[in-house]
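Everything below concerns the one structure shown next.
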Amino acid sequence: MLAAVSLTVLATGTAYAQSQPEEAPVQEAAADEGEAIVVTGFRQSLEAALNLKRENVGAVDAIVAEDIAKFPDQNLAESLQRIPGISISRDGGEGRSITVRGLSSQFTRVRVNGMETIATSTDGASANRDRAFDFNVFASELFSSLVVNKTAAASLDEGSLGAVVDLNTGNPLGGKAGLKAALSVIGSYNDLSKDLGPRVAGLLSWRNDAGTLGASVSAAYSRTNTLELGNNTVRWAQARFDGVDGTNCFTTQNSGGTYVPSAACDRAALAFHPRIPRYGEVAHDRERLGLTGSVQFSPSDATKISIDALYSKYDASREEQWGEVLLRSNERSINVVSPVYDANNNMISATLNDAWVRTEHYLRKSSTEFYQVGGTWDQDLSDNFRFTALGGVSKSNADIPVETTIIFDDRDAQGYSYDYSNMAYPRLTFGTSVTNPANFQLAEIRDRPSNVTNRFKTAQLRTEWDVTDGFTVKAGAVWRRFNFDTEAFTRDTAVCGNGGTSLVTSTSGTIACSPTSLFGPTAVYGFPVTTALSQIFNLGKAGQPAGNTNSWLVPNLEATTAFTNLYSRPLVNDAGNIRGVQETTKGAYLQFDAKGELLGVEYALNAGVRYAKTDQSSYGLVSGVAATVKRSYDDWLPSANLAVYPTESTIIRFAIADVMTRPTLGSLTPGGSADGFNFRVTSGNPFLEPFRATNYDLAFEWYFAPQAVLSLALFKKDVKTFTQSASITGATFAQTGLPASVLNPSSPAALNPALQTQPIWTLATTVNGSGATLKGIELAAQIPFSAFTSGFLGNFGILANATFIDSNANFNLQGPAIAPGGALQNVALTNTLSNVSKRAYNGTFYYDDGAFSARVMVSYRGRYHEGASGTGNLLEGYGATTNVDASVRYKLTEWMELSVEGNNLLDTYRYRFTDFDADRNYENNHFGRTLLFGARFKI
């Protein structure tokens with residue numbers, strides 16, 4: 001009863017379970033042909049995954065390939081969300097990262113075939129420059145099993161406060177003798193983009209008759225084109241306007257002069273208004289290729305050697321087209337008419353004159369390449385002593401060669417109005433023509449190429465000694481080196497810069513720019529827009545109400561980049577993103593495993609301690625000069641897991657462990673970044689302590705029938721050290737000692753040097769803060785109706801889980817200004833931990849009779865925040881979401897199966913807020929439904 005189960009799966013959906021000593025990694029199961037259990041069909045695969053959960057001493061949940069490959073999962077994140085306690089974050093309509101029991105992906109370690117690694121992508125709005133693992137890099141079909149270790153053990157790699165996730169590719173010795181092949185051909189159609197893309201996966205596996213040699217290769221390819229339609233504010237802010245309802249707020253109009261207090265002007269200045277209200281379209285074009293290979297050699301029952309390789313290439317482009325008004329930093333020239341305020345101090349509607357109308361066309365091309373090569377040697381030296389030697393390397397290289405924005409401006413537009421009475425679906429109406437090229441000037445050009453590279457090298461030795469029947473000693477050592485390097489550059493410039501200067505290129509020539517003090521239709525701040533430099537954009541179904549402006553002029557990227565000779569401009573260092581960290585870990589562990597019977601009750605336990613020494617070296621740019629800081633720290637991490645079996649069908653689990661997660665990479669490096677748009681300078685802190693916590697777990701499981709379980713898990717995480725931001729408000733840029741050259745050339749602070757001397761700047765860093773607590777309940781049920789009935793009704797079943805989390809953490813933030821034009825105020829508040837949803841649910845209702853199967857899945861994640869916001873807002877995050885997926889399959893023959901699947905059938909909108917209590921709109925967008933149809937073949 002106490003042997004663990006290891007799962008390996010062919011792409012055909014056939015899984016094999018082999019018996020193996022407790023706690024060994026799933027991917028290392030010995031191929032014992034006599035014990036091989038062939039598992040076919042969805043319900044049998046559920047039972048195989050349930051066996052792994054049942055036979056492990058610690059808290060483990062798993063999905064096997066039958067489950068992965070036969071559900072409309074676009075990538076691994078969407079597969080993992082079906083496990084109790086796991087929620088996902090989406091980018092561009094696809095799952096990207098996971099949260100386990102309330103802790104974000106920053107606190108989750110991921111191993112591929114037993115080796116820790118990081119896969120980094122640049123999907124979504126930004127690149128991943130931290131420890132989080134981007135699951136969207138990989139197709140689900142490449143993996144045989146996904147295993148989530150929710151409790152710690154001394155023999156399990158350190159670095160997680162949340163979970164250790166094992167991603168396992170194939171095990172050719174676990175299959176039947178001979179040559180096996182499988183092929184899946186699927187078409188993927190998105191109803192918003194109207195695009196049909198291919199999704200193809202295949203496997204070739206061979207094993208000799210003696211079971212001593214096996215090999216397998218698999219491949220998966222997909223291409224998708226989806227649209228993201230919606231609105232965005234880029235946060236809300238407070239600022240003083242030029243005038244309100246005919247009352248002048250300054251002694252001179254548009255610029256200069258002094259502020260004149262009045263009831264109307266003060267009310268407008270202290271209220272929050274949208275910084276860049278806009279509607280637009282984001283087009284996502286993704287191409288994903290994955291390859292795996294495995295060779296296994298087992299000349300005897302005592303020896304097995306495995307070599308595994310994984311390669312993935314993920315190419316993505318993101319194209320955005322926006323029509324907007326740039327209130328940000330331009331309120332000084334804007335006259336407000338008929339403002340309306342709500343109870344949360346928001347100016348929810350108004351008409352604006354002398355508004356800065358802007359249209360943007362953005363394109364980012366990115367490519368992520370990941371590879372890993374590893375080898376494992378399992379050796380029995382005697383009947384009671386064995387070892388495993390493991391080593392390998394991995395690399396994730398996320399490159400952005402192009403990140404271009406071209407901007408058209410009309411800086412004195414009249415009659416613009418916005419209405420956020422319905423926060424999710426505002427009405428934005430332009431009073432002047434936004435389709436006439438004569439109204440616009442080509443004002444800014446930007447290009448920001450960058451790269452993020454992560455590398456891992458691992459060497460590990462594990463030993464096991466069966467001292468007596470029911471008592472095993474495990475010991476091991478590990479050496480691991482992690483390198484993180486990122487670099488970024490800019491080619492940004494405003495065409496006219498600081499008035500009187502002009503852009504000079506070989507193609508566009510020069511223009512005579514107006515002084516920055518000149519305002520009105522005669523001002524020259526860019527090149528005249530022509531039909532040849534522009535194109536008309538028409539907004540589709542973005543949830544916009546009647547009366548919204550739905551067509552506008554945007555730059556033609558090919559024409560405008562050639563006209564400005566953008567890609568020939570010299571690169572300038574983006575100082576805050578030229579940095580890196582090297583971490584070298586040396587560690588060892590000692591663990592005691594025992595099983596037996598006490599007072600007539602069976603039990604199994606493991607207890608031990610893990611030691612880790614971390615040598616850290618981080619570098620960054622400080623005032624343009626490279627600086628390196630080195631440090632070391634040690635961690636002793638005791639842990640214990642106990643499973644008690646009161647009856648054959650019930651298990652009670654207890655676990656306690658000290659755990660740690662190393663600090664975020666973005667906070668560790670010296671130097672920092674200067675944000676001339678938001679007047680904020682951020683610096684790193686190489687001396688941050690790791691996140692350290694004590695985890696407590698208690699679980700009850702009842703396996704009341706085959707393929708069935710009811711479970712209740714209680715967990716608590718007592719986080720002793722938790723980093724937080726610290727800020728000084730009301731500073732000037734000169735106080736930082738940084739040169740003005742570190743400011744982005746197109747930012748307001750660079751274009752208007754007077755802003756650098758004003759006390760409007762925030763100086764921010766990250767410090768070691770107080771602790772936090774998190775506790776929760778995890779409920780799960782796997783109920784096949786065959787446990788209660790037979791025949792037709794017995795083919796139905798339910799999978800359901802719910803997670804309820806209570807957490808609290810203290811935050812020191814910048815809140816609203818209390819005087820018109822004044823500095824933001826420091827605010828201390830208590831809220832949930834970042835990325836924690838108080839409630840999350842997943843449910844699947846299925847039917848499977850062996851030939852025909854159907855499934856419907858519902859996933860709900862409650863509202864949550866991601867931490868500090870900006871511009872006086874407190875804690876930004878995402879609203880609650882509900883996603884529905886479905887699958888229908890029919891087995892036409894033994895070798896052919898047809899399928900129709902649907903993803904995001906409700907076409908759920910993703911709402912993002914920029915203040916937790918005021919619920920100000922940051923963005924609200926949707927991605928359409930995706931339908932997949934195709935066939936699977938196997939021989």
Side-chain angles (χ1 to χ4, degrees), residues 92 125 192-195 225-232 276 278-285 315-326 356-366 400-411 413 428 430 432-449 490-497 502-511 513 523-540 542 549-569 745-746:
L192 201 59
S193 67
K194 310 299 182 184
D195 179 78
N225 185 285
T226 59
L227 292 182
E228 176 181 345
L229 293 175
N231 63 78
N232 193 303
I276 312 178
R278 60 186 185 177
Y279 272 96
E281 172 189 282
V282 182
H284 300 271
D285 194 354
D315 294 330
S317 69
R318 177 186 176 98
E319 184 176 6
E320 305 178 11
Q321 300 179 79
W322 299 99
E324 62 200 29
V325 163
L326 191 70
W356 194 316
V357 170
R358 168 169 287 187
T359 68
E360 295 187 30
H361 199 166
Y362 168 93
L363 175 65
R364 186 187 65 212
K365 296 181 179 180
S366 64
I400 303 179
V402 174
E403 187 172 3
T404 297
T405 307
I406 304 294
I407 291 172
F408 289 168
D409 280 348
D410 175 7
R411 298 184 178 178
L428 309 179
F430 294 86
T432 53
S433 174
V434 287
T435 59
N436 184 358
N439 288 335
F440 288 97
Q441 299 180 42
L442 196 168
E444 287 186 34
I445 59 175
R446 303 174 186 166
D447 188 44
R448 300 174 179 177
T490 69
R491 290 190 176 102
D492 295 14
T493 190
V495 169
C496 280
S502 62
L503 183 73
V504 181
T505 72
S506 59
T507 53
S508 57
T510 63
I511 54 173
C513 299
V524 176
Y525 43 82
F527 291 105
V529 171
T530 64
T531 302
L533 294 176
S534 60
Q535 61 192 51
I536 297 294
F537 169 77
N538 295 305
L539 182 66
T549 299
N550 297 322
S551 297
W552 52 83
L553 198 75
V554 296
N556 179 304
L557 285 181
E558 183 177 359
T560 51
T561 55
F563 177 71
T564 57
N565 209 18
L566 174 61
Y567 300 125
S568 295
R569 293 180 60 82
S746 65

Can you sort out the partners of D285 under side-chain contact (heavy atoms from CB on, under 4.5 Å), two or more places apart, ordered by chain and number? R223, N225, S317
Which is it for T564 and T493 under the side chain to side chain contact (heavy atoms under 4.5 Å, CB included) test, yes or no, and what are the steps along the way? CA-CA 11 Å; T564 57; T493 190; over 6 Å; no
With rounding to the nearest 0.5 Å, note down the distance linking NZ in K194 to OG1 in T226. 13.5 Å
Would you compute the distance between atom CG of L192 and atom CG of L229 and round it to the nearest 0.5 angstrom? 4.5 Å
Taking all atoms of both residues into account, what is the closest heavy-atom pair of G526 and V495, and its distance? CA-CG1, 3.9 Å
For the pair R358 (side chain) and L326 (backbone), establish whether a donor and an acceptor sit closer than 3.5 Å, ignoring hydrogens and angles. no
Short question: side chain of N556, backbone of L533 - any donor-acceptor pair under 3.5 Å? no
Within a strict 4.5 Å, meaning less than it, do heavy atoms of the I406 and L566 side chains meet? yes
If I take atom CZ from residue R318 and atom CD from residue E403, how far apart are they, to the nearest 0.5 angstrom? 9.5 Å
For T435, all residues meeting side-chain contact (heavy atoms from CB on, under 4.5 Å), sequence neighbours excluded: S433, I536, S551
Y279 meets the ring-ring contact (aromatic ring centres under 6.0 Å, His included) criterion, sequence neighbours left out, with none
Begin with the C-alpha distance, continue with both residues' side-chain angles, and end with the deciding distance and a verdict on side chain to side chain contact (heavy atoms under 4.5 Å, CB included) for E444 and D492. CA-CA 8 Å; E444 287 186 34; D492 295 14; over 6 Å; no
Between Q441 and D409, is any pair of side-chain heavy atoms under 4.5 Å apart? no
Which value, rounded to the nearest 0.5 Å, describes the distance between T359 atom OG1 and N439 atom CG? 11.0 Å
Side-chain heavy-atom pair R491, I445 within 4.5 angstrom cut-off: no
Residues which pass side-chain contact (heavy atoms from CB on, under 4.5 Å) with T531, listed by chain and number, not counting sequence neighbours: P437
Decide yes or no for V402 and D447: does some side-chain heavy atom of the first lie under 4.5 Å from some side-chain heavy atom of the second? yes
Report the residues that fulfil ring-ring contact (aromatic ring centres under 6.0 Å, His included) with W552, sequence neighbours left out, ordered by chain and then residue number. F537
Does any N or O in the side chain of T549 come within less than 3.5 Å of the main-chain N or O of F430, such that one atom is a donor and the other an acceptor? yes
Under the side-chain contact (heavy atoms from CB on, under 4.5 Å) rule, collect the residues that match up with T405, sequence neighbours excluded. E360, Y362, I407, R446
Using atom types as modelled and distance alone, determine if a side-chain donor or acceptor of H361 lies under 3.5 Å from a backbone N or O of V554. no
Once you round to the nearest 0.5 Å, how far does OG1 of T561 lie from CZ of R569? 13.0 Å
Return yes if some donor-acceptor pair links the side-chain N/O of E324 with the main-chain N/O of R278 below 3.5 Å, else return no. no
Do the side chain of S366 and the main chain of A316 share a donor and acceptor less than 3.5 angstrom apart? yes
Take N231 and W322 through the side chain to side chain contact (heavy atoms under 4.5 Å, CB included) test and state the conclusion after the steps. CA-CA 9 Å; N231 63 78; W322 299 99; over 6 Å; no
